[in-house]
*Asks:* 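Here you go, one structure.
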Amino acid sequence: MSKNEAKTIENKINIMDVPVDIITMEEAVSKVMGFFESAECHTVYTPNPEIIMAAQKDKALMKALYRASLIVPDGIGVVLASRLLKGPNLPERVAGFDLVQDLFARMASTDHTVYFLGGAPGVTEEAAAAMGNKYKGLKIVGTDHGYFKEEEEGAVIQRIQEAKPDLLLVGLGAPKQEKWIEKNRGILPAKVCIGVGGSFDVMAGKVKRAPVAFQKLGLEWFYRLITQPTRAKRMLQLPVFAWEVLKLSAKNKDK
Ligand code: UDP
């Protein structure tokens with residue numbers, strides 16, 4: 001597929017070779033609920049511009065994204081890119097954290113179960129306890145922190161296999177979580193695996209999300225930059241992404 005334009009394939013838009021679903025939050029939640037009824041393991045990722053840039057150089061990450069059942073735009077930059085590139089636009093930002101919250105609300109009145117994998121020791125359990133309190137009826141069948149050694153991975157996978165969750169949330173940070181899910185999806189019992197980044201930190205109250213005003217203005221990335229300055233280095237990819245999109249957009253106009 002050419003990188004020169006945003007081609008649409010089956011309700012997806014190609015943003016620098018990453019096929020992003022043209023979907024609203026509500027539709028995304030329904031789609032994931034539908035995945036619970038299927039026999040295979042579906043993967044869901046929520047790339048922002050940094051991840052799309054990383055995928056340009058990281059074949060394993062691009063493969064994981066390419067093979068996903070659902071890709072939603074976590075970053076406002078991805079939505080803006082779709083407006084600049086040729087083809088249909090992405091209707092809205094679908095933040096991974098919000099997608100999971102809406103899913104929990106729906107799952108709470110069903111028998112579908114969830115397992116939390118990732119985050120620092122202690123934080124994962126706190127996140128699970130907080131979500132269990134917030135969404136009465138949500139069935140959390142296990143937790144594991146994300147700082148296991150290579151030789152401990154087998155035991156982690158075995159615990160997930162025994163718990164047989166319908167939904168596995170993997171919060172190991174990008175791109176580790178995408179590659180981990182892709183490597184193990186064949187042996188994971190879950191119907192859906194979602195890469196959730198630092199969501200467990202937010203669920204546990206360790207990290208605050210940007211105020212709604214920032215979110216509505218599309219400035220959550222800016223809030224994260226000023227509150228978590230350690231992210232500055234990786235955020236240098238944002239202007240590079242914007243520049244690449246502008247170049248592609250100019251090329252399209254010349255055609
Ligand atoms: N993390 C983990 N194992 C690791 C590295 C990171 O469980 O080996 C967790 C970390 O504790 C944090 C999350 O992964 O909860 C990464 O958060 P960040 O906000 O950096 O991720 P992003 O949302 O940017 O992918």
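Both ligands and their constituent atoms are indexed starting at 1 by order of listing. Hydrogens, waters and symmetry mates are skipped; everything else that's a heavy atom, side chains included, is used.
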*Asks:* How about Met33 and Thr110: do any of their side-chain heavy atoms sit closer than 4.5 Å?
*Replies:*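 When only atoms from C-beta onward are counted, Thr110 and Met33 do touch, with a gap below 4.5 Å.
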*Asks:* Give the residue, atom name and distance (to 0.1 Å) of the protein heavy atom nearest atom 25 (O) of ligand 1.
*Replies:*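 Here the nearest protein heavy atom works out to Ala174 N, 3.0 Å.
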*Asks:* Do Lys179 and Glu182 meet the salt-bridge criterion of a basic N to acidic O distance under 4.0 Å?
*Replies:*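 Between Lys179 and Glu182 there is no salt bridge, as every charged N stays at least 4.0 Å from the carboxylate O atoms.
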*Asks:* Are Tyr45 and Asp74 linked by a side-chain donor-acceptor pair shorter than 3.5 Å?
*Replies:*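 Their side chains do not contain a donor-acceptor pair, so the 3.5 Å distance test is not met.
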*Asks:* Considering heavy atoms of the protein only, find what lies nearest to atom 20 (O) of ligand 1 and give residue, atom and distance to 0.1 Å.
*Replies:* Arg234 NH1, 3.4 Å
*Asks:* Would you say that Pro49 contacts Val78 through its side chain, given a criterion of any heavy-atom pair below 4.5 Å between the two side chains?
*Replies:* yes
*Asks:* For atom 13 (C) of ligand 1, what's the nearest protein heavy-atom neighbour? Residue, atom name and distance, please.
*Replies:*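 The answer is Gly197 O, 3.6 Å.
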*Asks:* Please state which part of Arg231 comes within less than 4.0 Å of ligand 1, counting heavy atoms only: side chain, backbone, both or neither.
*Replies:*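 Arg231 to ligand 1: side-chain contact only, backbone stays beyond 4.0 Å.
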*Asks:* Using a strict cut-off of less than 4.0 Å between a Lys/Arg side-chain nitrogen and an Asp/Glu carboxylate oxygen, indicate whether Asp58 and Lys63 qualify as a salt bridge.
*Replies:* no
*Asks:* At a 4.0 Å threshold, what atoms of ligand 1 neighbour a non-hydrogen atom of Arg224?
*Replies:*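 Here the atoms of ligand 1 in question are 19 (O).
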*Asks:* Taking side chain to side chain donor-acceptor pair (under 3.5 Å) as the cut-off, I'd like each qualifying pair that reaches into residues 225-238, sequence neighbours left out, listed once.
*Replies:*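 As it turns out, the side chain to side chain donor-acceptor pair (under 3.5 Å) pairs with a partner in residues 225-238, which skip direct neighbours, are Glu50-Arg234.
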*Asks:* Considering only protein heavy atoms, which is closest to atom 3 (N) of ligand 1, and at what distance to one decimal place?
*Replies:*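 Result for atom 3 (N) of ligand 1: Gly146 O, 2.7 Å.
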*Asks:* Non-hydrogen atoms of Lys176 versus ligand 1: any pair closer than 4.0 Å?
*Replies:* yes
*Asks:* Could you say whether the N/O atoms of Tyr147 and ligand 1 ever approach to under 3.5 Å?
*Replies:* yes
*Asks:* Hey, does the side chain of Ser109 reach the backbone of Arg106 with a donor-acceptor pair shorter than 3.5 angstrom?
*Replies:* yes
*Asks:* Regarding ligand 1, does Gly171 bring an N or O atom to under 3.5 Å of one of the ligand's N or O atoms?
*Replies:*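 For ligand 1, there is an N or O atom that lies under 3.5 Å from one belonging to Gly171.
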*Asks:* Report the part of Glu50 in contact with ligand 1, treating N, CA, C, O as backbone and CB onward as side chain, heavy atoms under 4.0 Å; options are side chain, backbone, both, neither.
*Replies:*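 Neither part.
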*Asks:* So, Lys206 and Glu126, do they make that salt bridge, N to O below 4.0 Å?
*Replies:* yes
*Asks:* Just to confirm my output: which protein heavy-atom neighbour is closest to atom 16 (C) of ligand 1, and how far is it?
*Replies:*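 For atom 16 (C) of ligand 1, the nearest protein heavy atom is Gly173 CA, 3.6 Å.
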*Asks:* If you take the nearest heavy atom of each of Val170, Asp201, Asp74, which one is closest to atom 15 (O) of ligand 1?
*Replies:*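 Comparing heavy atoms across Val170, Asp201, Asp74, the nearest one to atom 15 (O) of ligand 1 lies in Asp201.
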*Asks:* Does the pair Arg93/Asp98 count as a salt bridge with the N-to-O cut at 4.0 Å?
*Replies:* no
*Asks:* Tell me, which protein residue and heavy-atom name are nearest atom 21 (O) of ligand 1, and how many Å apart are they?
*Replies:*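 It is Gly198 N, 3.5 Å.
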*Asks:* Relative to the heavy atoms of Ala120, which atoms of ligand 1 are at a distance of less than 4.0 Å?
*Replies:* 11 (O)
*Asks:* Please determine whether any non-hydrogen atom of Glu178 lies less than 4.0 Å from an atom of ligand 1.
*Replies:* no
*Asks:* Examine Val196 against ligand 1 and note whether any of their N/O atoms are separated by less than 3.5 Å.
*Replies:* no
*Asks:* Rounded to the nearest 0.5 Å, what separation is found between the CG atom of Leu167 and the CG atom of Leu169?
*Replies:*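 Nearest 0.5 Å value for the CG-CG distance: 4.5 Å.
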*Asks:* Please identify which atoms of ligand 1 are closer than 4.0 Å to at least one heavy atom of Gly118.
*Replies:* 7 (O)
*Asks:* Could you give all pairs that pass the ring pair (Phe, Tyr, Trp, His ring centres under 6.0 Å) test and reach residues 197-236, with sequence neighbours left out?
*Replies:*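 Listed once each, the pairs are Phe116-Phe200, Phe214-Tyr223.
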*Asks:* Which residue supplies the protein heavy atom nearest to atom 7 (O) of ligand 1, what is that atom called, and how far is it?
*Replies:*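 Atom 7 (O) of ligand 1 sits closest to the protein heavy atom Gly119 N, 2.8 Å.
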*Asks:* Counting neighbours of CD on Glu26 that are heavy atoms of other residues, nucleotides or ligands and sit closer than 6.0 Å, is the number greater than 12?
*Replies:* no
*Asks:* Given that the side chain starts at C-beta and the backbone is N, CA, C, O, which of these parts of Gln228 lies under 4.0 Å from ligand 1, counting heavy atoms, or is it both or neither?
*Replies:*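 For Gln228, there is no contact with ligand 1 at all, from either part.
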